[in-house]
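Protein chains get the first letters and strands the later ones, always in sequence-line order, with residue 1 at the start of each. Keep in mind that the numbers below use all heavy atoms, side chains included, and drop hydrogens, waters and symmetry copies.
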Protein chains: 2
Amino acid sequence: MAELETAPGTQRPGGRTARVRAAVLRAAEDALIECGFDGIDLAEIARRAEVGKTTVYRRWENPRALVADLLVDMAEQSVARTETGSLDGDLCANARLVVRTLTDERQGALFRAVIAAAAGEERTAEALHRFYATRIAEWVPCVTQAVERGEVPEGTDAPEVIRAVSAPLYYRFLVSGDPLDEAVADRAAHAACCAAKAGAYVEPKNDVAE
Amino acid sequence: MAELETAPGTQRPGGRTARVRAAVLRAAEDALIECGFDGIDLAEIARRAEVGKTTVYRRWENPRALVADLLVDMAEQSVARTETGSLDGDLCANARLVVRTLTDERQGALFRAVIAAAAGEERTAEALHRFYATRIAEWVPCVTQAVERGEVPEGTDAPEVIRAVSAPLYYRFLVSGDPLDEAVADRAAHAACCAAKAGAYVEPKNDVAE
DNA sequence: CGGTTAACGGATCTGTGGTTCCGTTAGGAT
DNA sequence: ATCCTAACGGAACCACAGATCCGTTAACCG
């Protein structure tokens, strides 16, 4: 039949294929960390993964597609969320986790590389957005619980509060280059908390009524 | 003599040299907008600038150095700041300007490309940081004036307030991919304003006393 | 205004990232 | 266990980004 769309790795996904995928993604991660997004060389990745370079070119048509796939993989590994009993405490825990990740030598380099890769292609960008949508969704409960406790007003846009915590940290990391430390994390969390309590993140469409 | 450090363009900076620099930077800007950071081709830039490609390779050793130079150039063009008389109004004006810039087809692509370029090399990153330091400094007065008016507490970290306005916008632009519009701009400004008034940006080192 | 040489630019060469070819290995269905 | 073919992998190939050469143009100095 005229099945033009038989992408390699889709019809026999088990065994070797899966092993190759895992090895290549791991190697890609290492390469991104060490060389950054556009220092990477597919041939080098193939060598590290102990895989033929033809395979890498066949399965992922370009470096960005490989990064996109890596992001899908990363989204599957979730991180444990801390619960402290107060919104401020939960947001601080989140902010500190983000700072620890971004300032970690390897993780930081990885995130930087991945975000740079996403700047260039729509499909990779989508993968990045899905990754963050997943991460943000994991932390949403700490806001909804705060709403239930009456700490913040009804109708607060929970994901937006979580984004508000990360935003200043990523802004420093990617844009302004200002330092990142625990004090900055706590301040970001505290600011988001203040704003949330003041109702700055209440969604405009629904009125305050439940 | 053994003067190894005679970089091209430093000893006769006038006339042709300056003209070439300007033409190449313009062409680079266009190329970045159309192709993104790693779609650019130095030869193509040379062609557009009507300049020999040898010249481009000689003056800027790699694409990133060219971007760094472009950023220096961009930092020199400052944007007019609006004054509305209230902190919230000023921050809104700032936020809307940022959103307008990032959502503009050409400008948005340029910023994305430039930030991606900075993710890969220290020198380019420094140029980016200087660019934003300049931009942020331009808007600092609207916070210091608010302090004078008594709108926000003494000791408020003014640049941090400005960063807090931009941060959620850049976070959406680069990281989460959530939409950017005036409502988002206003909310970012309003949240920063709330947090500032609540004293979330008071610098920890000095006590509240003046 | 004339000389010196920094800086430019066309032509040409080269190394490497990426592609193609085809034989080999092993997943999955019977 | 056996077959069929999806998927892998080594080697040879190719195109083009980027480097080099050297003759030309035009800054800056006196």
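Surrounding CD of B:Q107 are more than 12 heavy atoms belonging to other residues, nucleotides or ligands, all under 6.0 Å away. Atom CZ of A:R123 sits in a sparse spot, with 12 or fewer heavy atoms from other residues, nucleotides or ligands closer than 6.0 Å.
Taking for each of B:L42 and B:T17 the nucleotide of DNA chain D with the nearest heavy atom, the 5'-most of the two is the partner of B:L42.
Using a 4.0 Å heavy-atom cutoff across all strands shown, B:R21 reaches no nucleic acid atom at all.
Side chain to side chain, B:Y171 and A:Y132 fail the donor-acceptor criterion of an N or O pair below 3.5 Å.
Between A:D41 atom CG and D:dA17 atom P there is a gap of 17 Å when expressed in whole angstrom units. The CZ-P distance, from A:R16 to C:dA26, rounds to 6 Å in whole Å. Rounded to an integer number of Å, the gap from B:R19 CZ to D:dC28 P is 11 Å. Computed from coordinates, the B:E44 CD to D:dG18 P distance equals 13 Å when rounded to whole Å.
Between A:L25 and A:L66 the shortest side-chain heavy-atom distance falls below 4.5 Å. Annotation: side chain of A:V98 is not in contact with side chain of A:L180 (no heavy-atom distance under 4.5 Å).
For DNA chain C, none of the residues of residues 112-125 of chain B falls under the heavy-atom distance limit of 4.0 Å. If you check residues 47-69 of chain A against DNA chain C, the residues with a heavy atom closer than 4.0 Å are A:K53, A:T54, A:Y57, listed by number.
Rounded to 10 degrees, the angle between the two end axes of the helix from C:dC1-D:dG30 to C:dT30-D:dA1 is 60°, with five pairs used at each end.
Scanning for side chain to side chain contact (heavy atoms under 4.5 Å, CB included) contacts around B:A158 gives B:V140, B:V143, B:T144, with sequence neighbours left out. By the side-chain hydrogen bond (donor to acceptor under 3.5 Å, both in side chains) test, A:H190 is found to be paired with A:D88, residues two or more places apart in sequence or in another chain being considered.
Checked for salt-bridge contact, A:D69 and A:R59 miss the test: no charged N lies under 4.0 Å from a carboxylate O. Between A:E29 and A:R26, none of the side-chain N atoms (NZ, or NE/NH1/NH2) sits under 4.0 Å from a carboxylate O, so this pair counts as no salt bridge.
Applying the ring pair (Phe, Tyr, Trp, His ring centres under 6.0 Å) test to pairs two or more places apart or on separate chains, none has a residue in residues 23-82 of chain A.
Remark: the backbone N or O of A:E138 is paired with a side-chain donor or acceptor of A:R81 at under 3.5 angstrom.
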